[in-house]
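The shown structure was predicted, so the numbers you read here are calculated from the model rather than taken from an experiment.
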Amino acid sequence: MKVFGVLAGKGSKRVGALYVTCQLFKIYFKLGTVHLCKSVTRSIETARIFDFEEFPLRDKVTYMYYTGRLEVYNENFSAADHKLSYALSHCNPRKERNIRMILKYLIPVKLSIGILPKTSLLEKYNLTEYNNIVLALRRGDLRLLRCALQEHEDQFLRSGVYLVLEKLELQVYQRLLKKIYIIQKQKDQNKAHQIKLDLIVRALKWLEIDMDIDEVECIMSILIYKNFVKGYFAHKSKVVVLSKQDPFPRLTGKAVNS
C-alpha cells in the first residue's frame, strides 16, 4: 500500500500504480480478504490523474479480470460481463492458461444472462465441468443441473461461482415449460398456451424430481414475476395461461466467442 501511494502521485511513476494494484488483488484473493480490494479499486477509478488507457495492456487485462471477479461476487452480472469480456478480448491469444482463467468466471456470467457457450470452447480450454450444466439448460433438465452442481461442488465453491450457477434453476424451469408448450402446440394449437400444473408435476416426476402442485405453483409465480415467462396464473383451475405473443422472453447478452 505504501508503494501504491508513492506511485499514485503525479509523474511518470504512476504508470506502475496499476501493476501494484494487480499484485494487491492477487494477495487479497489468496488471503480471502477480498473486501480490501474496494479501497484500491476506488483509488484507481476515482483519481483524475489516471487515464486507464495509458497503462500497459498486460496490467489492464489483469485489472479487468480481478475487478470482473469482484462483480461476480457482488452478483452485478452486467458489470462482470463488461470487465471479463474486456479481459478476454485483450488477452494474448497464445496465453491459453490466462484465457482459461478468464473464461472460468465469464462462462457463469454468460449463462446467467442466457448465453450458452459452444462445446468446442469448453473442450479447447478444459472447462468440461460446465458441459452438463450447459446441456441441462438446453434440455430443461433440472436433475442433470443438480447432479452437475453436486459433482463439481468443491470446484465451484472454491471459484466462488457456485451460487451463480445454482440460480440457473429458473432458466431450466423456463426451458422445461417451453418444451411442454411446444408438445402441446403440436397436439392442439388452440390450447397450447394453457398448461396444467399437473402436467408440469408429471414432467418433473419423470426427471425424478418430486414436487407437489403447490410447490410448482410457487415456481411458476416466480417465473412470471421475474419475466422468464409472460402470462398469468389461474389459481382455481391450477393452470398457467401463457401470453399468445412471445410467452418466453429471451434473455439478452453478448455471446462468448469460441
* To do: Check whether any side-chain heavy atom of D214 sits under 4.5 Å from a side-chain heavy atom of K238, and report yes or no.
  => yes

Could you list the donor-acceptor pairs under 3.5 angstrom formed between side-chain atoms of residues 163-170 and any protein atom two or more places apart in sequence or on another chain?
| unit_1 | atom_1 | unit_2 | atom_2 | d |
| --- | --- | --- | --- | --- |
| K167 | NZ | E75 | OE1 | 2.7 |
| K167 | NZ | E75 | OE2 | 2.8 |
| E169 | OE2 | R146 | NE | 3.0 |

* **Check: Q184 and L199 side chains under 4.5 Å, non-hydrogen atoms** => yes

* **Joint hydrophobic cluster, W206 plus I209, side-chain heavy atoms closer than 4.5 Å** => yes

Which donor-acceptor pairs under 3.5 Å do the side chains of residues 228-236 make with protein atoms, sequence neighbours left out?
| unit_1 | atom_1 | unit_2 | atom_2 | d |
| --- | --- | --- | --- | --- |
| H235 | ND1 | E217 | OE2 | 2.7 |

* **Nearest-0.5 Å distance, CD of residue E96 to SG of residue C91** => 10.0 Å

* Asked: CZ/R97 to CE/M101 distance, rounded to the nearest 0.5 angstrom?
  -> 5.5 Å

* How does the hydrophobic cluster around L144 look, that is, which other residues are in it when side-chain heavy atoms under 4.5 Å mark a link? -> L135

* **Any I115 side-chain heavy atom under 4.5 Å of D81 side chain** => no

* Less than 4.5 Å apart, any side-chain heavy atom of I219 and any of M211? -> yes

* Asked: If you measure from the Lys or Arg side-chain nitrogens to the Asp or Glu carboxylate oxygens, is any gap between R202 and D198 under 4.0 Å?
  -> yes

* Can you find a heavy atom in the side chain of F156 that is under 4.5 Å from one in the side chain of I133? -> yes

* **Whether F29 and F25 hold their rings parallel, tilted or perpendicular, with breakpoints at 30° and 60°** => perpendicular

* Should Y173 and V239 be regarded as members of a common hydrophobic cluster, given that ILVMFWY residues are connected when their side-chain heavy atoms come within less than 4.5 Å of each other, either directly or indirectly? -> no

* Evaluate the ring planes of Y105 and Y65, with Trp represented by its six-membered ring, and classify them as parallel (under 30°), tilted (30 to 60°) or perpendicular (over 60°). => perpendicular

